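One structure is given here, and the rest of the page talks about it.
None of the values given here were measured: they were computed from a predicted structure. Side chains included, hydrogens not; waters and symmetry mates left out as well; all remaining heavy atoms used.
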Amino acid sequence: MNWKRTTYCGKMTNQFLGKEVTLMGWVDRYRDHGGVVFIDLRDREGIAQVVFDPKNIPVDVAGTLRQEWVVAVKGIVRKRPEGMSNKNLPTGDVELEATGLEVLTRAETLPFTMHTDSPTTGEVDEQLRGRYRYLELRRPKLQKNLQIRHEFLRTAREFYSENGFWEIETPILYKSTPEGARDYLVPSRVHPGQFFALPQSPQTLKQLCMIGGLDRYMQVARCFRDEDLRADRQPEFTQVDVEMSFIDEEDIYQLHEQLMARVFKNTHGIEIKTPFRRMPYDEAMRKYGSDKPDLRNSLELVDLTDQGKRSSFQVYQSALSSGGILKALCFEEKETLSRSELDELPKKAASFGAKGITWIRIKSPGDWQSPQAKFFDAALKTEIETKLPFKKQAMVLLVCSTPNIVNNTLGSFRLDFGKRFGYTDESRHEFAWITDFPLFEYNEEDKRFFAAHHPFTCPNPTDLAMFMKSSAKADLEKVRARAYDLVLNGSEIGGGSLRIYDPNVQKRMFEILGFSEEDAKAKFGFFLNALQYGTPPHGGIALGVDRIAMILSGCDAIRDVIAFPKTQKAADLMSEAPSQVDEKQLQELHIRVLPPKL
RNA sequence: GGGGCGGUAGUUAAGUUGGUUAUAACGCUUGCCUGUCACGCAAGAGGCCGCGGGUUCGAGUCCCGUCCGCCCCGCCA
């Protein structure tokens, strides 16, 4: 390579008219007319048209160029002839008249096209794109996504720094923690039979930074969880991890409202209204059946437990008498659901554990079409109708089961039908803080409480006395946490809490979670110790970088905003990791591999 | 761990009730073409129909198993 690049292809606009420039990039397309040859030259910033006139560059040179060859072209920028502009390109008014061409590298025929506007419809198989991820990275869409991700991180770093935060790195090789997700383990060569764990989050470490008097910490932290994947979940992911001393919830809320407003301004030029809505967990579950409600969707669930008890439907009677609830989702049926679509409802409901679903088509007040209509007398029909938002041409879906199943099922239908029938305004960005989460979740299998957020979360002061003294299940279930989630468009993009800073409260927490004193000492001894030496009140939050980047770039999967993502089986198609290792490596690590159970 | 969808030239897709030599478009190769921009025209090459087994005179097509990818439930403090 003998030349110096003078500008990006995508930046070769009018300002370079008449000047000599040197472009370097990939041949996006070539159009060989036998005499004159055109190529579209592509780089990160866009595309420029290069013209090879036979009087400058012989056709038998320019005509050999092929897709994805990497070339350098020197030439003069000139205005395109009258009527030859390309309105689809930012550089479409000009072209580069080549005076010199250097082929830097040739390319084999690609396994799939870089073009998404080619006649081959449909998307290239995701498996193939994964195997050649570096080629998919060449596509403008991926490059745009990664640029937006970068812009988010850049904005965050700048914002926190302005607000007195220090970026502090914490170890990747750390201690395995009980509770929570499965750990990725790293064997120690020096300590036979002992393991590091990759952090699920730097939770204890950032709290120790506060105990260490660093006051305000932030980190762009990689986190690891060995759990099954989803479109919005990867085994390794990135969070902007934050911790602050001497603050309360409002400090966190306001600071992060400012941050998100600046992010949307920087990436989309959009003004985001602050403060964000604050909604207690109970309200979110009641109205939306979800702790991460999509507030772009105007539909709300309606509780009909009382009415259900007075129906003559045996199925409701038995479910409601054993602590179940009955809720309804009601929407105007803007396009009549077919019989087969109605038949699909129970299947989908079953996937959430619901044994059935009732649909009622309210044609006009009192005129119900439903296999279950006979179980509701006229007075009950009227009473139910007064609770519903629509009473004409309305479809009502009812689920009666445990609160969890009812909320999951109808919460999901709310999203589906909200989109389908236009109740969701996707042009909006709806933020909310979900507050007052329960501190504990009771696990029926293990017959014990688990921390709903994590075991360092501060109990609500109103509930503290009960937390310290009572061991009754009914009491502990009621204890609220000083924990909060940041929700955007139905996606949990952040979560945090104020932390326990009183060692006695922390000890009590481990006690409720069923840790013996020895257990607590072995797993968290260093942390309990640290709490004793003067801990400032503190709290923090972690923002999901991947999910935020996904929303900012309008994608449906976080794979699309991660340069080298993993598949649903947590593998890397490109490098074929994970893979077997040499026997020698295993020996050094004191590891023997057992064959998988059949 | 469970449910659903998918896997056919390099790519995207079609392939009927099982039946001649498995189609098309784009890409690729070669030739022609001096203003195209999804350039055009002509010719050509290109197939482990994911893999293994079974049914059958005969399987891309039916059956069983398996691998891989995607979506969801469980799981993700």
Side-chain angles (χ1 to χ4, degrees), chain A residues 28-41 47-55 59 62-63 66-68 80-89 91-92 95 97 107-132 135 177-183 200-201 203 223-235 237 344 347-354 405 408-409 412 416 437 439-441 443 445 449-457 481 483 492 495 497 509 513 556-557 559 566-569 571 573 576:
Chain A
D28 195 65
R29 284 198 163 89
Y30 60 91
R31 294 178 288 280
D32 178 356
H33 287 257
V36 68
V37 175
F38 299 92
I39 65 167
D40 292 338
L41 197 62
I47 281 175
Q49 174 163 281
V50 179
V51 190
F52 297 98
D53 192 299
K55 70 177 188 280
V59 177
R66 290 296 179 268
Q67 285 196 41
E68 298 305 306
R80 294 197 188 186
E82 200 62 34
M84 297 290 173
S85 293
N86 185 340
K87 295 279 174 281
N88 298 320
L89 290 179
T91 62
E95 62 190 8
E97 185 185 17
E108 295 293 323
T109 302
L110 267 60
F112 59 91
T113 177
M114 297 299 99
H115 303 139
T116 45
D117 59 347
S118 60
T120 38
T121 51
E123 264 198 273
V124 177
D125 180 53
E126 203 158 346
Q127 205 167 347
L128 189 71
R129 286 185 281 146
R131 201 154 50 218
Y132 297 94
L135 293 180
T177 50
E179 309 272 297
R182 227 173 266 122
D183 283 323
Q200 297 175 24
S201 89
Q203 185 57 39
C223 305
F224 306 85
R225 292 176 192 177
D226 188 4
E227 296 294 343
D228 287 339
L229 284 77
R230 288 285 188 284
D232 63 350
R233 256 161 47 189
Q234 284 271 309
F237 59 97
E344 286 296 312
K347 265 192 220 165
K348 171 127 200 243
S351 77
F352 294 96
I405 290 175
N408 287 345
T409 309
S412 171
D416 291 349
F437 278 85
L439 189 62
F440 297 111
E441 273 166 17
N443 183 298
E445 256 175 58
F449 280 106
F450 282 82
H453 184 54
H454 59 55
F456 312 105
T457 305
E492 178 198 330
S497 63
M509 173 61 90
L513 294 177
D556 299 322
R559 286 189 301 280
K566 292 191 171 49
T567 67
Q568 196 159 48
K569 294 192 99 178
L573 289 171
E576 297 182 309

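With hydrogens and angles disregarded, no donor-acceptor distance shorter than 3.5 Å links the side chain of A:T457 to the backbone of A:L439. A side-chain donor-acceptor contact under 3.5 Å links A:H115 to the backbone of A:D28. In this structure, A:Q234 contributes its side chain and A:R559 its backbone to no donor-acceptor pair below 3.5 Å. In this structure, A:Q200 contributes its side chain and A:A181 its backbone to a donor-acceptor pair below 3.5 Å. The closest donor-acceptor contact from the side chain of A:E68 to the backbone of A:T109 lies at 3.5 Å or more, if one exists at all.
Atom-to-atom, NE2 of A:H33 to C1' of B:rU34 comes out at 8 Å; the value is rounded to the nearest Å. Taking atom CD of A:E108 as the reference point, atom P of B:rU29 lies 10 Å away to the nearest angstrom. Whole-Å rounding puts the A:R129 CZ to B:rG10 C1' distance at 16 Å. Rounded to whole Å, the distance from NE2 on A:H115 to C1' on B:rG10 is 15 Å. Whole-Å rounding puts the A:R66 CZ to B:rU29 C1' distance at 9 Å. Rounded to whole Å, atom P of B:rU29 lies 12 Å from atom CG of A:D32. One can place CG of A:N88 at 15 Å from P of B:rU36, the figure rounded to the nearest angstrom. In this structure, A:F38 places its CZ atom 12 Å from P of B:rA38, rounding to the nearest Å.
Applying the 4.0 Å criterion to OP1 and OP2 of B:rC39, one finds that A:R29 has a side-chain N or O inside that range. Residue A:Y132 places none of its side-chain N or O atoms closer than 4.0 Å to OP1 or OP2 of B:rU11. In this model, the phosphate group of B:rC39 is approached by a side-chain N or O of A:R31 to a distance below 4.0 Å at OP1 or OP2.
Evaluation of atom-type donor-acceptor distances gives no pair under 3.5 Å for the side chain of A:E123 against the base of B:rU12. In the interface, the side chain of A:E82 is not paired with the base of B:rG35 through any donor and acceptor atom under 3.5 Å apart.
Position along RNA chain B of the nearest nucleotide to A:F112 versus A:K55 favours A:F112 as the more 5'-ward residue.
Residues passing the side chain to side chain donor-acceptor pair (under 3.5 Å) test with A:R233: none are found, sequence neighbours excluded. Under the rule for a ring-ring contact (aromatic ring centres under 6.0 Å, His included), A:H453 has no partner lying at least two apart in sequence or in another chain.
Base-pair partner of B:rC70: B:rG4 (Watson-Crick or G-U wobble, both distances under 3.5 Å). Nucleotide B:rG18: unpaired (no Watson-Crick or G-U wobble partner with both distances less than 3.5 Å). Applying the Watson-Crick and G-U wobble criteria (two distances, each under 3.5 Å), B:rU12 pairs with B:rA24.
Within the 4.0 angstrom heavy-atom criterion, no nucleotide atom of any strand lies near A:F449. If you check every strand for non-hydrogen atoms under 4.0 Å, A:E95 touches a base. Contacts of A:L110 with the nucleic acid, taken as non-hydrogen atoms under 4.0 Å apart, involve only primed sugar atoms and P, OP1 or OP2.
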Item to complete: Using a 4.0 Å heavy-atom cut-off, write out nucleotides 69-77 of chain B from 5' to 3' as B (base contacted by protein), S (sugar-phosphate only) or - (no contact).
Response: SBBSBBBBB
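The aromatic rings of A:H33 and A:F38 sit perpendicular to each other, their planes meeting at more than 60°, with 30° as the lower class boundary.
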